[in-house]
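Reviewing the structure listed below.
Order of appearance sets the numbers: ligands from 1, and atoms from 1 within every ligand. Values below: every heavy atom of this structure, side chains too, minus hydrogens, waters and symmetry copies.
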Amino acid sequence: MSKDIKTVLLCPPDYYQIEYEINPWMDIKNKVDQQKVKSEYKNLKDIYRKLDLEVQEIDAQPGLPDMVYAANHGFVIDDIFIKSNFRFQQRRKEADWAEKYFKEKGFKIKKIPEGIYFEGQGDMFYRDGKFFCGWGKRTSKEALKYIEKIVGEKVISFEVNDPYYYHLDTCFAPLGDGKVVINPSSFSNEDVEKIKKNFKKVILAQKADMPFMCCNILSRDHTVITGRGVGKDVKSELLKVGYEIFETQMEEYFKGGGSVKCLTLEYFRS
Ligand code: ARG
């Protein structure tokens with residue numbers, strides 16, 4: 001059954017800062033400009049509202065600087081919230097706040113056993129009636145069987161083993177309607193073939209797009225929202241297949257290793 005996205009969850013950058021390094025983008029010397037990040041957040045929220053998405057916000061918490069990357073809190077499907085088990089201890093409490101938030105909203109909470117890692121929509125997508133999961137750097141391969149049990153369907157999975165693109169959503173962006181943007185060098189040849197089998201149109205990111213997280217984008221109908229800086233090749237391919245592009249400044253969020261998609265938890269609901 002097709003599921004629409006009408007609602008997204010964001011987390012304001014009240015306590016966002018680079019306080020530790022858990023991916024190669026992060027450098028504790030590279031401080032976040034609070035003024036700039038507030039305006040980047042506001043602009044993203046405004047774009048979503050313009051696109052008729054309901055924006056919900058979870059309160060930021062002191063001591064959890066990466067909580068801004070709401071996509072990682074879990075996965076929302078119908079009235080179910082699958083809670084994340086973060087690989088890094090620095091982020092684990094974020095999932096408890098998300099559990100509380102979704103419980104209060106009336107969602108059923110599902111959990112993966114302790115010690116098996118799962119990083120929510122950082123590594124899991126639902127598009128065109130299919131579930132896609134990444135495993136390796138963050139989510140454990142073992143998590144997949146629990147996910148399949150919860151959603152009652154097989155997931156199509158890929159190994160994510162690129163230090164720079166450590167979540168599936170940093171190197172793979174299914175847009176709907178059989179289209180996907182990928183960073184080909186993040187995947188094994190076998191997985192690239194699997195992607196080609198599952199999508200009608202595969203848009204390839206270029207090396208020059210690397211500093212701009214060009215796969216960390218979000219699509220809605222015929223619109224794609226990307227961080228500013230994505231190269232002209234990817235943009236022209238997107239335009240060719242009929243997308244309007246909203247480019248928005250994400251410079252401060254790149255410092256933590258994320259962009260548009262990492263900041264956004266989509267609700268998939270029938
Ligand atoms: N600093 C965060 C981490 O390393 C960034 C998370 C980005 N989120 C994403 N969905 N890729 O965990």
Exercise. Which of the atoms in ligand 1, numbered in the order shown and given with their element, are less than 4.0 Å from a heavy-atom of Gly256?
Worked result: 1 (N), 2 (C), 5 (C)
Problem set entry | Cationic N near anionic O, under 4.0 Å, Lys36 to Glu40 | no
Seminar exercise, completed: Taking only non-hydrogen atoms of Asp66 and a 4.0 Å limit, the atoms of ligand 1 in range are 1 (N), 2 (C), 3 (C)
Exercise. For ligand 1, which atoms, with element, lie under 4.0 Å from some heavy atom of Gly122?
Worked result: 10 (N)
Problem set entry | Lys130 atom NZ: more than 12 heavy-atom contacts under 6.0 Å | yes
Problem set entry | NZ/Lys235: more than 12 non-hydrogen atoms of other groups inside 6.0 Å | yes
Exercise. In ligand 1, which numbered atoms sit nearer than 4.0 Å to a non-hydrogen atom of Met26?
Worked result: 1 (N)
Exercise. Is a salt bridge present between Glu54 and Lys6, judged by a nitrogen-to-oxygen distance below 4.0 Å?
Worked result: no
Problem set entry | Nearest-neighbour protein heavy atom for atom 9 (C) of ligand 1, which is reported as residue plus atom name and distance | Cys262 SG, 2.6 Å
Exercise. What are the atoms of ligand 1, with element, lying closer than 4.0 Å to any heavy atom of Gly257?
Worked result: 7 (C)
Exercise. Can you list the ligand 1 atoms lying under 4.0 Å from a non-hydrogen atom of Arg138?
Worked result: 3 (C), 4 (O), 12 (O)
Problem set entry | Check ion pair Asp46-Lys42 (N to O, under 4.0 angstrom) | yes
Exercise. With Phe75, which of Tyr267, Phe125, Phe118 fulfils side-chain contact (heavy atoms from CB on, under 4.5 Å)?
Worked result: Phe118
For this session: Answer side chain, backbone, both or neither: which part of Arg91 comes under 4.0 Å from ligand 1, heavy atoms only.
Result: side chain
Exercise. So, Tyr41 versus Glu57: side-chain donor-acceptor pair below 3.5 Å or not?
Worked result: yes
For this session: Measure from the ring center of Phe132 to the ring center of Phe172 and say whether it is less than 6.0 Å.
Result: yes
For this session: Consider every N or O of Asp169 and every N or O of ligand 1, then say whether any pair is closer than 3.5 Å.
Result: yes
Problem set entry | Heavy-atom pair of closest approach, residues Gln34 and Tyr16 | NE2-O, 3.1 Å
Problem set entry | Whether Tyr166 lies under 4.0 Å from ligand 1, heavy atom | yes
Exercise. Counting each atom of ligand 1 from 1 as listed, which ones have a heavy atom of His167 under 4.0 Å away?
Worked result: 8 (N), 9 (C), 10 (N), 11 (N)
For this session: Could you list the atoms of ligand 1 found under 4.0 angstrom from a heavy atom of Thr170?
Result: 11 (N)
Exercise. Would you say ligand 1 has an N or O under 3.5 Å from any N or O of Asn72?
Worked result: yes
